[in-house]
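Working notes for the structure below.
Note that the coordinates shown come from a computational prediction; the quantities given were computed from them, not determined experimentally.
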Amino acid sequence: MEETIARILTELEEINQIPNTQNQTPLISRSTLLDLHSLLSTNDPDLVSQLFDDLPSKSLSPSSLTNLLSFTMDSAPSYSLLASKVYLSLLLSPNSPVFTLFTPISFLSFLRSLRRSFKNCPSAQPEESPPSNAPPNRKRKGGGRGRGARGNVRGSGDCSEEASDTFDMKQVFKVFEMLVSVLGLIHLDRFPDSLKSLIQTFGEIPLMAMEKLGNPSSLNRLMDLCSRVLSEVLRSEHGELANTAAEVLKALSPLILMVKSQARSFALGFVTKRMTELANESDGVKKAVVNFPRYLAQKAPEKAEPRALAVDSIMEVVKVMDFEDQIGYMDYVLKMAQGKANLRLLGVDLIAMMLMSLRDPFGVVSDVKTRDYWGTRCLEALITRCSDLSAGIRARALSSLAQVVGFLSIDDRNKGILKEVMRLSEGGEERPLCGMNDLLKNRCMDDKAAVRKAALLLVTKLISLLDGCFGGILLKTVGMACSDPLVSIRKAAISALSEAFRTFSDESVTTEWLHSVPRLITDNESSIQEECENLFLELVLDRVSRAGPACAPKKGSVSPESYLTTKSLEGELELLFPEGILILLKGICDGEVTPWVKKLCTSLGKKKRLKPKIAAALQNIIKTSESIWLSHSMPIEKWTAPAGAWFLLSEVSVYLSKAVEWEFLHHHWQLLDKPGSKGKLQSPLLQGNANEDGEGVESNSVAWAGDRVFLLQTISNVSMELPAEPAADLAHNLLKRVEKFNMHSTEVNAHVKALRTLCKVKSLNPVEADQLVMRWGQQLLSKAHEILEKYISDDKEANNNNSFFTPPRSGSRKGKQAARASRLLSKTVTAVYTVGSLVVVCPAADVSSIVPLLYTVVTSGNSDPKLNKLPGPKVSLKQTAPSLYIQAWLTLGKICLADGKLAKSYIPLFVQELEKSDCAALCNNLVVMMADFCVRYTALVDCYIAKITKCLRDPCELVRRQTFILLSRLLQRDYVKWRGVLFLRFLLCLVDDSGKIRQLADFLFGNILKAKAPLLAYNSFIEAIYVLNDCHAHNGHNDSKNSRTESRLFSIRGNDERSRAKRMRIYVCLLKQMAPEHLLATFAKLCAEILAAASDGMLNIDDITGQSVLQDAFQILACKEIRVSSHRGAASDSAEVEEDGDSSASAAAAKGRAITQAVRKGLIQNTIPIFIELKRLLENKNSPLTGSLMECLRVLLKDYKNEIDDMLVADKQLQKELIYDIQKYESAKARTTAAEAVAGMQNQGVYRSPPCVPKAATGADPENKMNQKLSSDSKVASAIADAAAEATARSVLREVNKGAMTPPLKAINMPKLKSNQAGSSAKNDRSLDVLESLRRRIDDEN
């Protein structure tokens, strides 16, 4: 060892003589470092003492040795770790001068060496050659030196030439272990910078090691050593524990907020375990740990996924805190939820996590029962955020609330508190002032899709809490959401409504579900169609299937009563059927639901998803109903099955024909086919129970006829399974019934279709079946011809007799003839309808003999002299027999659909009748026929579309709605094109008197038309303004008288408030369909084609319609829908984009808004000259539109207050007027706001200054919104202060006057004032001031 020490000292002496310059640095060689390490590793005190004792002999000192080691650690990357190890060994060697060797500079060099060791790890850092511009090594000056010295003079540019040496993790672990021992010897309280650097270094090392190393075991050991180092730092010897703990937490926070990794787990584990243990021993550490979640909240990122990880990390720390500290942090979060937008969003996430992560949020386990437990306050804050100004926060609050409700509802003890907080409006100012139903209704109708989706998710979670107490408006709102344009919203609405229907079977929920969900079987999205099928199968068909076996008929279960009503029997029947089956079946047969039920049954049947037990259950329900009826000794001929049972059986029997029993059908056909025979037919189920006593029970003829129709349809569906002989007998009976022509029209169709089906069963092949159908069809046609011809002849004879017979007839004879004529008319109407049904079933039938008779009916009483020569009634049957007249048109239309040549001749006759008819029923049928003609004969009907659209303005709502629906379907299927006046005439449906038509129009324009013809609204906007105002004052409008009459019909003339509001609603709807670039183009077109036309004289503004057009243009230019400003929806849109995590989309949106704002500014600058010229013109004419122009300009320029001088340089007077108008408007608005606030204070009985509420904080409380408005504007605050002072003064005066109001000044007798006297100038001046003050006050009072 003596030689080693000598060698070490010699080299150290040589190195020490090398000057430290910019180009060369004195470094200890690797061999010398190895010698030092081997020497120090012996731990021999004598050898270490000898080394330090010999240093002065070489002109060296311990501090110079430390400096050389520092240079080596900084400038020798290849063996800096070895130098670090030697440095720590020196500090740990026995009898070493520790305080001399340890310096802050050397310690910082050691820490930099550790960082560099991980950065230059060869696995991730490939070998690189020195830069080409590195200066070459300079030759050593002076005499010859040793080889060692030459090897230890390094240029500054060569510091990384050996960076690819082996990286030994074992050496790193050894260095870390030695550092732990050094920290036990050296107290860093005197070196705060060294302590801070140490903490920062070991906060960065886990992340660097994770990036460089892939061995999990090595990483785990490294993390453990880092934990030991940081634990060693957290001792009182190293300084104030509070400050040290804060630095440690600050250094670990980047790791905690990063994505999931071992480094994050290490940092969280160290905080939640080690520092929590230390917190129990030290108040300083505890204080730092308690404040750490607040620090993390301030540092949390704004993006969705990193923010979620930050919330998880925060909650991990909060969980290990004491209960009192958790409550303190909860209070901090509640305040944070009222701050800026990013903090409110983070607060919502934290509140939800605290409610789901911390124990017993509502205090149900705690012995202390308090109404305002911490969970209650958190839940109220979360509900308040559901009404936030930012759409992203609203959506997040609603989805978080849904998660909280779903989580807490698992414990039944929490349900009561959840109900109280979420449904009651009493209980304090912080609670929402509206019920949960109102909140959900508003959020389900929110403008933002994310909010609507979250609200529907919350509705789904709240089903179990609401216990079926759904508000009707909320149900309607969720039902309307099933028609939302977005697929995700429709799916969420279906899920919410289906969950309600699955849980509660009351009538309101059932009805809304049936009217909202089944119709989606026609949705464009296939996944929604499949979901609709699955839900219908689960919630309707399976429910009916379960109810069938549960309601087996029971003999003698009910004692007969002397007097019963239908309602009492229905109530008894409902007790046998669980899950509201009767309500469900009744809802299925609703006219608006049946089309979708048919489509669903067809779709499920084709996919073979219908099960035989459905048909068996429906048969059982019908049998049970009959059994209960007979058990009360009711007349069987007055019995009807539960509503909807026969209808559903008729639909499913198409695919379940083998599941329907023929005996069941035959028995009920006998019951329903002989409604007049009382007491003759008995149910085979209960023989002998029938009684003819039917007092108190009323027969429902409509239900009876409907049951017959559906029974016939069921029979025709299962006819292929019927025996041949019963099928033949049934066909014969049906034909006899039809030939009597005494049935209702709905029964006729069923009989004819059943006849055709039974003919196919009886026939051996299709040809024979067609011949059989043709044979009985011609038989029916001949009999119908006889009846119709007889009625026409009798009617003609009666008209002739009435014209010549003057003496009065006897009353009895007249009554008999009237009864006979009535029976003949009824029979004729049925015969005509039967002809139409027969033509639909058998288009090849010969109707040549019927057509002239129908023509005679529809042209009866015509004033055309050519038609008067034809045989027929001279008096129109439209007055004498309107039912026959309508049925004749209907049958003639069906014949024309089957015969193209006939249609070509008769279609103009249909159009003529449609134009002149004033009968709503006839117009409705004609519109339906014209729609069918348009599909079959498109070219023939295309020229008449404009005439058909006149029905959109029909007085009858049914005709208008039917026309709108039919034309909309034709437009969607491209049978009709959006050209000509069609689009402009459809616009009036947006403001129709009927709410249903308005809703349909909104859906057409907002969803279907927006996707099918996105440019239509833009291209037709200017023309729509002229048409809606019926304006022909433009030089380009030269319309004929006919078109002028029609245009007045399809216009909203008038300058009154109601007409303007209707027109404005149409304009707004069109503007909402336009893209931003189209809005800008529309802005330019309005200025060029209306404002410029008015200023150039092309638009006559002296005409009342021209004035209306100009005023509409001003209103449109000033409305918010046409504005595409840069800050439009910035907060909510950015929040939504942020939730999606798409930064590129956010940047593109910001760029687009900036470009749009620049283009809009240029547009306004270019249109200012038009406004200036138009203002001069209106002022010269003293036009009342000047005020509208100024208001429009004020709105347009309010965003460009600083640039008004440049924009209006051509008209200084207009510039001053606009600035004055803007200031006047803002002052008036401030006074109005102040008046509202003071009125609210008067209601509360307190006058106080508005509280300071953060601008972004908002909630459902209207007071919060008012406070935001007050605190956001100094003018408003000043105005409210003045108003409050005035109100206070008046209150004091009232008290002085003992309740009497202070009279106005004009009601007080004024004192007579003497005239001015010489020599009293001061008194004179005062008198003048009094007079002026009184005069001003009187003016103010007036």
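Looking at Ser826, its side chain never comes within 3.5 Å of a backbone N or O of Ser822 through a donor-acceptor pair. Using modelled atom types, no side-chain atom of Glu747 and backbone atom of Val709 make a donor-acceptor pair closer than 3.5 Å. Side chain of Asp899 to main chain of Ile895: no donor-acceptor pair is present (N/O by atom type, distance under 3.5 Å, no hydrogens or angles). With hydrogens and angles disregarded, a donor-acceptor distance shorter than 3.5 Å links the side chain of Asn717 to the backbone of Ser650. Listed for the Arg756 side chain is no donor-acceptor partner under 3.5 Å among the backbone atoms of Val752. In this structure a side-chain-to-backbone donor-acceptor pair under 3.5 Å is missing from Ser917 to Leu914. Without hydrogens or angle criteria, Thr949 side chain to Ala946 main chain gives a donor-acceptor distance under 3.5 Å. Side chain of Asn924 to main chain of Ala920: no donor-acceptor pair is present (N/O by atom type, distance under 3.5 Å, no hydrogens or angles).
Here the shortest heavy-atom pairing between Ser837 and Lys894 reads N-NZ, 4.2 Å. In terms of heavy atoms, Leu987 sits closest to Ile1066 at O-CD1, 3.6 Å. Summarising the geometry of Cys482 relative to Leu520, their closest heavy-atom pair is O-CD2, 3.3 Å, with the distance given to 0.1 Å. Scanning all heavy atoms of the two residues, the minimum distance from Trp889 to Leu926 falls at CE3-CD2, 4.2 Å. Of all non-hydrogen atoms in Thr830 and Asn742, the two that sit nearest each other are CG2-N, 4.2 Å. When every heavy atom of Gln1073 is checked against every heavy atom of Ala1017, the shortest pair comes out as CB-CB, 4.3 Å.
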Inset, instruction - Evaluate the criterion side chain to side chain contact (heavy atoms under 4.5 Å, CB included) for residue pair Thr891 and Val839; output intermediate values, then yes/no. - result: CA-CA 9 Å; Thr891 302; Val839 170; 5.8 Å; no
Inset, instruction - Evaluate side chain to side chain contact (heavy atoms under 4.5 Å, CB included) for Leu781 paired with Asp846, printing each intermediate quantity in order. - result: CA-CA 8 Å; Leu781 286 174; Asp846 184 12; 5.5 Å; no
Inset, instruction - Run the numbers on Tyr855 and Leu892 for side chain to side chain contact (heavy atoms under 4.5 Å, CB included), then give the verdict. - result: CA-CA 8 Å; Tyr855 182 79; Leu892 192 60; 5.6 Å; no
Inset, instruction - Evaluate side chain to side chain contact (heavy atoms under 4.5 Å, CB included) for Val748 paired with Val738, printing each intermediate quantity in order. - result: CA-CA 7 Å; Val748 172; Val738 174; 5.5 Å; no
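By the 4.5 Å heavy-atom criterion applied to side chains, Val857 and Leu788 are counted as neighbours. Taking 4.5 Å as the limit, some side-chain heavy atom of Thr602 sits within range of a side-chain heavy atom of Tyr655. When side chains are defined from C-beta on, Ile886 does not count as touching Val829, because their heavy atoms never get closer than 4.5 Å. Taking 4.5 Å as the limit, some side-chain heavy atom of Thr834 sits within range of a side-chain heavy atom of Phe741. Side chains of Thr963 and Asp954 form no contact here, defined as non-hydrogen atoms less than 4.5 Å apart. With a 4.5 Å cut-off on side-chain heavy atoms, Leu1004 and Phe964 count as touching. When side chains are defined from C-beta on, Trp596 does not count as touching Leu514, because their heavy atoms never get closer than 4.5 Å. Counting heavy atoms from C-beta on, the side chains of Asp974 and Lys1012 come closer than 4.5 Å.
From Lys599, atom NZ reaches atom CG of Leu604 across 13.5 Å, with rounding to the nearest 0.5 Å. Ile787 CD1 to Leu824 CG: the interatomic distance, rounded to the nearest 0.5 Å, is 8.0 Å. Atom OG1 of Thr859 sits about 10.5 Å away from atom CG of Leu854, to the nearest 0.5 Å. Taking CD from Gln529 and CG from Asn524, the interatomic distance works out to 8.0 Å, rounded to the nearest 0.5 Å. Here Ile907 contributes atom CD1 and Tyr944 contributes atom OH; the two are 7.5 Å apart, rounded to the nearest 0.5 Å. Once rounded to the nearest 0.5 Å, the distance linking SG of Cys842 with CH2 of Trp776 reads 7.5 Å.
Listed by first then second residue, pairs satisfying salt bridge (charged side-chain N to carboxylate O under 4.0 Å, His left out) with a partner in residues 771-786 read Glu739-Lys783, not counting sequence neighbours. Among residues at least two apart or in separate chains, ring pair (Phe, Tyr, Trp, His ring centres under 6.0 Å) pairs with a member in residues 999-1020 are Phe983-Phe1005, Tyr1018-His1078. For residues 820-837, every residue pair satisfying the salt bridge (charged side-chain N to carboxylate O under 4.0 Å, His left out) rule, not counting sequence neighbours, is listed here: Asp794-Arg820. Residue pairs meeting the salt bridge (charged side-chain N to carboxylate O under 4.0 Å, His left out) criterion with at least one member in residues 955-966, sequence neighbours excluded, are Glu957-Arg961, Arg960-Asp992.
Within 6.0 Å of CZ in Arg969 there are 12 or fewer heavy atoms belonging to other residues, nucleotides or ligands. Counting non-hydrogen atoms of other residues, nucleotides and ligands closer than 6.0 Å to NZ of Lys606 gives a total of 12 or fewer.
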Give every donor-acceptor pair under 3.5 Å between a side-chain atom in residues 927-941 and any protein atom, sequence neighbours left out.
unit_1 : atom_1 : unit_2 : atom_2 : d
Arg936 : NH1    : Leu897 : O      : 2.4
Tyr937 : OH     : Cys896 : O      : 2.7
Tyr937 : OH     : Leu897 : O      : 3.2
Thr938 : OG1    : Cys934 : O      : 2.7

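Remark: Lys658 pairs with no residue by the salt bridge (charged side-chain N to carboxylate O under 4.0 Å, His left out) rule, at least two apart or across chains.
For Arg490 and Glu525, the salt-bridge test fails: no basic side-chain N is under 4.0 Å from an acidic carboxylate O.
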